[in-house]
Protein chains: 2
Amino acid sequence: MPTIYQVAERAGVSLSTVSRVLNGKASVNKALKERVEEAIKELNYRPNAVARSLANNRTDSVGVLIPKRNASVFSETLQALECTLRKAHKHVVIAMGDPGIEAEKEAVEFLVSRNCDALIIDSETLSDEYLVNLNQTTLPTVLLDRHIEEIPDACFTFNNEKGGYLATRHLLELGHKSIAYLSGPVSKAAAGSRLTGHKRALLEAGLTVNPQLIFNGDASENDGERGLLELMARDLPFSALVCASNGMASGAIGCARDLGMRLPHDLSIVGYDDMLIAHHLHPKLTAVHHSRADMAAIAATYILNKVYGQTHHIQPSFEPSLVVRESTLEFAN
Amino acid sequence: MPTIYQVAERAGVSLSTVSRVLNGKASVNKALKERVEEAIKELNYRPNAVARSLANNRTDSVGVLIPKRNASVFSETLQALECTLRKAHKHVVIAMGDPGIEAEKEAVEFLVSRNCDALIIDSETLSDEYLVNLNQTTLPTVLLDRHIEEIPDACFTFNNEKGGYLATRHLLELGHKSIAYLSGPVSKAAAGSRLTGHKRALLEAGLTVNPQLIFNGDASENDGERGLLELMARDLPFSALVCASNGMASGAIGCARDLGMRLPHDLSIVGYDDMLIAHHLHPKLTAVHHSRADMAAIAATYILNKVYGQTHHIQPSFEPSLVVRESTLEFAN
DNA sequence: CCAGGCTTAGAAAGCGGTTTCTTAACTGAG
DNA sequence: CTCAGTTAAGAAACCGCTTTCTAAGCCTGG
């Protein structure tokens, strides 16, 4: 690998001049500039990124921490981040937290020790305090799908309340009056908001919220099955079901089928968020959609602006929408 | 951030001594060593990875190129790579090729320009010649799911022939005699091998290979549907179908259902490779499975040995296996 | 008791860039 | 024509660490 020194030698100039040509910050004589550029081509020279980083105190790399969650969440997010950042010549260093707070802290440490310029974190586990501290004292950090009071600018979240609202309103518009709900863990803000939206839709429609129609699970496929069984055991008839995650929807659908129900005729089901699952289930699942890709791209752009002094326009718009597929049907008596 | 110099000062030694303590390569006086370690703790010192890289001419980073293919392939591979490499304190820099040879070359360039120590590439697009040259003249490179004659050691592939064989043999064992086959693009080695395996199973069972029962598609869901329709139009009865990709299996299942067929009673279907889809389809899809995670982990370990002089034992065993779910049934005349 | 061999610590030279500082040359105004 | 004021190129310091080189100190054996 040729160095800047060899380029200078070949062009008959000092290495400062070569550097100036490379960075274009200071003016250099046109003739010299051309000689340098020629030398660069002839030697097939490429500046050493490491040396540059050392001198600049900047690595042009962004650390990304995504837990080993389900495949589609993971890859959609990462693909969008990588794409946005690479266009700006930043690279993505990745760490995948094993579940567990210690493992995730270690992953963050790992990223920090690699001298990333910024961090993008998607974690439910790490504490507010830790993240605020990280952001304020160590590295600029943005959070995906999470909100923390102290650092609102650094947080990017979906409008889960609206998502829950949309799901339920869709069913209401189809004429359903008795709508059950499989909730994710309400200790998590996202699950709580979705449920809030569900309730708002009911109230707006003049209906009452019946806690007997709400099941609290952990968002897993397994709990989808358990939830449906338990709701049915409560002996309160319902013609539609909102699942706050597509994993639960998948479990519920399988369970319903095992029970001999015909879908969507006997039960309309709305799911949430995982488009890959939604597409492959049968019936194809009507579900609330929000674009993790959009969120990721915006978060990455925010970093570009904040850390690298770029000036992209950001329009933080990633509202949920409802994608109607085949799992919901008009209420027929 | 404290530097090694400040540590030296505080410990009252030279920075060479601190360096030696850090790297443990040369012996240092026990008392001094303790003083240094104390100073490190007190200052909360962490060596600067960039400076270290510059001095060592080594970044401890491995570039990974994975095309933006389907989510589960992507994330399974990446998760395994990251996990294996991080345990060895190497980090993963990621680039995602947009489809297209130029975009992928650019992505490789990007990784090379970041001074990665090695490359792990999963690409169907890049030419043999380019990859051989890359491996031999630029950076140690390993290839995932691809075989190139000139650099056999650097290639890690699945036994697709065996996979195709297993799929078909399963159906034969269930008593099926007339088995249709939806193939991926035979120009790709993997698809060709699977088909070869399929044929071998037929021949072994004393059956003949009927080209009328083979459809060549592009592995997409869409072509699964097209394929099934075309095969049925050929008016040659078949009781079972092998799909060389789960995408096609998904398309075929949807199509079969639209045609009013009952699965698996009217048609047994075997799929290939994507466990996520296989799980969520209905009926749950019996499919050939091979572990991309295993392959990725082994490839990463190979890099660890070759580039970083480690000495892990490698046992390159990732044979395909058949996961029987619900989409295949005994042939009942 | 002293020469020779080892061990160990410090000084200094890189690694490959960026940037400040210096100086030489050139500009234009008085 | 001279002198202050710019401009542009080179010299050198620096980023933080590793490693070679040098030399000091110790031990051992003759």
Side-chain angles (χ1 to χ4, degrees), chain A residues 1-40 43-61 89 91 112-117 139 308-309, chain B residues 1-40 43-61 89 91 112-117 139 308-309:
Chain A
M1 279 275 103
T3 71
I4 196 173
Y5 186 80
Q6 293 165 36
V7 173
E9 200 172 25
R10 179 159 196 129
V13 300
S14 79
L15 77 179
S16 329
T17 303
V18 178
S19 177
R20 284 190 265 259
V21 170
L22 286 170
N23 296 300
K25 289 185 183 170
S27 56
V28 294
N29 182 293
K30 202 176 168 193
L32 288 193
K33 185 173 174 184
E34 277 166 10
R35 260 163 51 205
V36 168
E37 279 165 350
E38 197 174 339
I40 287 176
L43 292 173
N44 191 24
Y45 166 79
R46 269 221 302 262
N48 180 318
V50 174
R52 205 170 231 184
S53 292
L54 183 60
N56 284 332
N57 195 29
R58 170 151 78 72
T59 58
D60 289 316
S61 71
H89 299 102
H91 67 284
V112 170
S113 77
R114 281 353 259 227
N115 295 57
C116 293
D117 298 329
L139 273 184
Y308 298 108
Chain B
M1 279 275 105
T3 72
I4 197 173
Y5 186 80
Q6 293 166 34
V7 173
E9 200 174 24
R10 179 158 196 130
V13 299
S14 78
L15 78 178
S16 331
T17 302
V18 177
S19 177
R20 285 191 264 261
V21 170
L22 286 171
N23 296 300
K25 289 185 186 172
S27 55
V28 293
N29 183 293
K30 200 175 168 192
L32 288 194
K33 184 174 175 185
E34 277 166 8
R35 255 160 58 200
V36 169
E37 280 165 349
E38 198 173 340
I40 287 176
L43 293 173
N44 191 25
Y45 165 79
R46 268 220 303 261
N48 179 318
V50 174
R52 202 169 236 186
S53 292
L54 184 59
N56 283 332
N57 194 28
R58 168 152 82 72
T59 58
D60 288 316
S61 71
H89 298 101
H91 67 285
V112 171
S113 78
R114 283 350 265 225
N115 297 56
C116 293
D117 297 330
L139 272 185
Y308 298 108

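Because only heavy atoms are used, hydrogens play no part in the values below, and waters and symmetry mates are left out as well, while side chains stay in. All chains are named by letter (A, B, ...) in the order of the sequence lines, taking the proteins before the strands, and each is independently numbered beginning at 1.
Checking C:dT18, C:dG16, C:dG14 against every side-chain atom of A:Leu54, the shortest atom distance belongs to C:dG16. When the nucleotides C:dG16, D:dA11, D:dT18 are ranked by their closest atom to the side chain of A:Ser16, D:dA11 comes out on top. Of the candidate nucleotides D:dG16, C:dG17, C:dA11, C:dG17 has the atom nearest to the side chain of A:Ile4. Between D:dG16, C:dT8, D:dT18, one nucleotide has an atom nearer to the side chain of B:Ser19 than all others, and that is D:dT18.
The one candidate from A:Val7, A:Ile4, A:Thr3 that meets the side chain to side chain contact (heavy atoms under 4.5 Å, CB included) condition with A:Leu15 is A:Ile4.
If you take NZ of B:Lys30 and C1' of C:dA9, they are 19 Å apart, rounded to a whole angstrom. Whole-Å rounding puts the A:Leu32 CG to C:dA25 C1' distance at 13 Å. Distance CZ (A:Arg58) to P (C:dG16): 21 Å, rounded to an integer number of Å. Across the protein-nucleic acid pair, A:Leu15 atom CG and C:dT18 atom P stand 9 Å apart, rounded to whole Å. Atom pair A:Glu9:CD and C:dG16:P shows a separation of 14 Å (rounding to whole Å applied). One can place CG of A:Asn29 at 8 Å from P of D:dA8, the figure rounded to the nearest angstrom. Rounded to whole Å, atom P of C:dT18 lies 6 Å from atom CG of A:Leu22. Nucleotide D:dG16 holds its P atom 14 Å from the CG atom of B:Leu43, rounded to whole Å.
Between A:Arg20 and A:Tyr45, the one whose closest nucleotide on DNA chain C sits nearer the 5' end is A:Tyr45.
Counting any heavy atom pair closer than 4.0 Å across all strands shown, B:Val13 reaches sugar-phosphate atoms only and no base atom. Residue contacts shown for A:Val50 are absent, as no nucleic acid heavy atom lies under 4.0 Å away.
Considering only heavy atoms from C-beta on, A:Arg114 comes within 4.5 Å of B:Asp60 through its side chain. Under the 4.5 Å side-chain criterion, counting only non-hydrogen atoms from C-beta, B:Val13 is in contact with B:Val18. Looking only at side-chain heavy atoms (C-beta outward), B:Leu32 and B:Val21 stay at 4.5 Å or farther from each other.
For C:dT8, the OP1/OP2 oxygens have a side-chain nitrogen or oxygen of B:Ser27 closer than 4.0 Å. Here B:Lys25 does not reach the OP1 or OP2 of D:dT18: none of its side-chain N or O atoms lies under 4.0 Å away. At the phosphate of D:dG16, neither OP1 nor OP2 sits under 4.0 Å from any side-chain N or O atom of B:Arg52. For the pair A:Thr17 and D:dG10, the criterion of a side-chain N or O lying under 4.0 Å from OP1 or OP2 is met. Contact annotation: B:Asn56 side-chain N/O to C:dC15 OP1/OP2 distance is not under 4.0 Å. One finds a side-chain N or O of B:Ser14 lying less than 4.0 angstrom from the OP1 or OP2 phosphate oxygen of C:dG10.
Residue A:Lys25 holds its NZ atom at 8.5 Å from OG of A:Ser19, rounded to the nearest 0.5 Å.
Within a 6.0 Å sphere centred on CG of A:Asn57, heavy atoms belonging to other residues, nucleotides or ligands number 12 at most.
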